[in-house]
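Below you'll find the structure, written out as structure tokens, and then a few comments.
Source: prediction; values computed, not measured. We name chains A, B, ... by the order of the sequence lines, and we start the count at 1 in each one.
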Amino acid sequence: MRMSRLFGRTLREPPSEAQTPGHQLMLRAAIARPLAAGLYTWLPLGFRVAKKVEQIIREEMDRIGCQEMEMPVLTPAEVWKTTGRWDLLEPITFRTKDHNGREFMVSYTHEEVVHLHAINEILSYRQLPAMVYHFQSKGRDETRPRAGLLRTREFVMKDAYSFDMDQAGLERSYAAQHGAYVRIFRRMSLDAISVESDTGAMGGDVAHEFQVLTEAGEDRLAICSRGDYSANLEKAARKIDDASEPFPKAARSEIATPGTTTIEALQASLKLPASAFLKTLLVKDRDGKPVAVVLPGDRNLNEAKLRKRLGMSDVQFAGDADFARAGGVAGFVGPVGLGAPVLVDTAVVAGRGYVAGANKKDTHLKDVALGRDFTAERADRRVDLHDVIEGDACPTCGAPLAVKRGVEVGNIFAYGTYYSEKMNATYLAEDGTRKLFVGGSYGIGVGRSVQTIIETSHDDKGIIWPFAVAPYEVHVVGLPMNDETVHAAADALVATLEEKGVQVLYDDRDESAGVKFADADLIGIPFRVTVSRRSLQSKSVELKPRASSEAELVPHDIAADRLVDIVRRAREAAAR
RNA sequence: CGGGGUGUAGCGCAGCUUGGUAGCGCGCAGCGUUCGGGACGCUGAGGUCCCGGGUUCAAGUCCCGGCACCCCGACCA
């Protein structure tokens, strides 16, 4: 490809909208362009990367016997109604109607559709297990797209689906996908770690996310410093000593705290650490009734954990009416004498005397102890509802946990019979009965992976593409192009390389050396070859890997062979 | 969906406080000089100042309403 013909130009300065390094470089290097919020066009350079990423995924899916197919982007409403997701997904999906008024959804994912096909194609246990996948655009009307390709409203996902006879089969399929994911991300040079993730409102048993640690990421992860544990903060736990303390000597007593409604204000006026207080939040349960959540003052509520506990899709905080109903006073709510069920966080130490709201204006209680002044009433109301923070103890080994940011490039999810039950998706078992498919789904975001590679593989000059996904393999720079000898030599080298199947980006522009080298560094092709007046005087060309600061001179007459050889080796290494 | 911010040439920005008919750098086009790390000179093209309404002799600038985009939070590959 001649750069003078390339559709897409590099930008000297990053557009102001771009904040993360990957987003800036993606735009500057002409990988993709925004069309509207969360909608991106791949430019030719970026499209080549996306196709290479897809090909790696394809090869690894095929390797584990997962079969490629393709399901439509537009999906009829009826399918979604069978599982209740037509209504559930309403706020975050794009919908349309055909001319007859039939409703459609731009596919958000394909569990329903693939089950529909499985019902038709898989009649007998003899056809199981089965695994299929496709690359398809997904539409999600995210309320907040961000960071370029990291979260868009339309994106191509590789989504795979497994169908098994039973739980043991599902576990085998799941393990196969997990193994494929490890290979896939390694091949694209993404250092993805698999972390336990929240299974969300769908229930299900097991789910892992493949996360790449980078500051640009939007997920927060707890990671054991000894490597024994890693989990999304949505579900991350920590080791807590459940040893209780002796009750305080004093009985609980009122203290006047006029106008002091926040933990911060209480800390200041009572000169006590945040951990000396109880924070009591009033939320609504599924029936709209008030429920109190009690946490130590130095711990934050983890909404994902609470949602899961309440079985709700979002946390609804109490309004004035609920406060009245529960007998609480906003700013002075406490667990003692409250007319609502109380969920007590596991970080609240039994027996310890805390300062808590008195459910009375301008008043708190001191020496309030769990087990004496209030209780969780039932074992299932003593629950982990707080955020893990940096330095907490690992739940497996007790070593300190670190909290880091990550990008979720893929996830795998064993949902079991969640969909097959609702869709009555069954097969005929060996014993002659009809049994439900036991399934899992496995996604990888292609565009997100591409930008994540940039986020984690660049320097201050530009992208450093891993060979396996680079848009081109060799970048030939002619310098200067108005020198006939140089022009002819560069043309000839490019022609030879292309003839031998090397993917070449050829900077044939009449630009200064500075511009061409700066662009080469920005675009980040793995091998740069400079054919210049100077190099030709010593009958050589200059070879410089993008990732290295060292350049070497290669004799002109063997340059093509040498490059073909280098590329061949690099391809072999990248395929492993 | 809550909070914050920004919309002026392809990109980065100034001008707005104090209203007077739009500017800088880069990029782009032509010519010439240059040619190994974002060269130089000359000439030139390019603007519904986000949109709509209002105030005014006069609005990029002031007022009202909308829209778009970005950032932080809640949700996802």
Side-chain angles (χ1 to χ4, degrees), chain A residues 9-20 23-24 27-28 33-39 53 57 88-89 91-93 108-109 135-160 181 192 197-198 200-201 209-212 217-220 232 234 300-304 306-307 313-317 407-413 441-452 461-462 477-483 486 510-522 528 530-537 542 544 551:
Chain A
R9 65 198 185 85
T10 56
L11 308 177
R12 189 175 295 208
E13 292 175 285
S16 58
E17 78 221 30
Q19 306 291 321
T20 71
H23 189 185
Q24 294 185 343
L27 294 173
R28 287 189 56 212
R33 293 283 180 245
L35 179 64
L39 299 176
V53 165
I57 298 170
L88 190 71
L89 296 176
I92 45 171
T93 45
Y108 175 91
T109 170
F135 292 94
Q136 186 57 283
S137 291
K138 300 290 183 277
R140 299 190 182 177
D141 193 6
E142 298 282 353
T143 47
R144 194 184 155 219
R146 70 175 279 279
L149 303 174
L150 290 189
R151 181 160 56 173
T152 55
R153 296 196 295 171
E154 181 190 307
F155 60 95
V156 171
M157 176 160 75
K158 181 286 298 179
D159 39 327
Y181 273 42
S197 68
D198 182 22
E209 292 169 347
F210 283 77
Q211 293 272 0
V212 176
E218 50 191 339
D219 286 336
R220 288 180 183 278
N232 195 304
E234 290 172 357
N300 287 328
L301 173 67
N302 183 303
E303 289 196 28
L306 180 58
R307 270 198 304 278
S313 57
D314 61 325
V315 172
Q316 305 249 328
F317 286 92
V407 175
E408 181 188 356
V409 287
N411 71 8
I412 56 178
F413 182 27
S441 66
Y442 315 91
I444 294 178
V446 173
R448 181 179 279 187
S449 293
V450 170
Q451 191 176 314
T452 304
K461 295 193 174 105
V477 177
L479 204 66
M481 285 310 286
N482 63 4
D483 180 310
V486 169
D510 189 14
E511 289 285 355
S512 72
V515 169
K516 294 179 127 179
F517 288 144
D519 272 347
D521 288 338
L522 174 60
R528 186 185 81 190
T530 307
V531 179
S532 70
R533 191 180 288 156
R534 198 171 84 186
S535 73
L536 290 178
Q537 270 165 12
E542 182 199 81
K544 182 185 164 300

With sequence neighbours left out, what residues match [X] under side chain to side chain donor-acceptor pair (under 3.5 Å)?
| X | result |
| --- | --- |
| A/T93 | A/R95 |
| A/Y108 | none |
| A/R533 | A/D483 |
| A/R528 | A/E542 |

What N/O pairs connect the protein and nucleotides 3-6 of chain B at under 3.5 Å? Give each pair on its own line.
none

Could I get the full list of side chain to side chain contact (heavy atoms under 4.5 Å, CB included) partners for [X], not counting sequence neighbours?
| X | result |
| --- | --- |
| A/S137 | A/V73, A/E154, A/V156 |
| A/R144 | A/R146, A/R151 |
| A/T452 | A/L150, A/L190, A/V212, A/V407, A/V409, A/R448 |

Contact pattern, 5' to 3', of nucleotides 67-72 of chain B - B, S or - by protein heavy atom under 4.0 Å: --SSSB

Bracket notation of RNA chain B in which parentheses pair within the strand, [ ] cross earlier pairs, and | pairs with another strand (Watson-Crick or G-U, under 3.5 Å): (((((((..((((......[..)))).((((((.....)))))).....(((((..]....))))))))))))....

Salt bridge (Lys or Arg N to Asp or Glu O under 4.0 Å) involving A/K544 - partner list, sequence neighbours excluded: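 Result, salt bridge (Lys or Arg N to Asp or Glu O under 4.0 Å) vs A/K544: none returned.
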
Please report the distance, rounded to the nearest Å, between CD in A/E218 and P in B/G73.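 Those two atoms, CD and P, are 9 Å apart.
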
Please list each protein N or O that sits under 3.5 Å from an N or O in nucleotides 25-31 of chain B, with the distance.
{"unit_1": "B/G25", "atom_1": "N2", "unit_2": "A/E13", "atom_2": "OE1", "d": "3.3"}
{"unit_1": "B/G27", "atom_1": "OP1", "unit_2": "A/R12", "atom_2": "NH2", "d": "3.2"}

Between the base of B/G73 and the side chain of A/R220, is there any donor-acceptor pair under 3.5 Å?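 Absent.
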
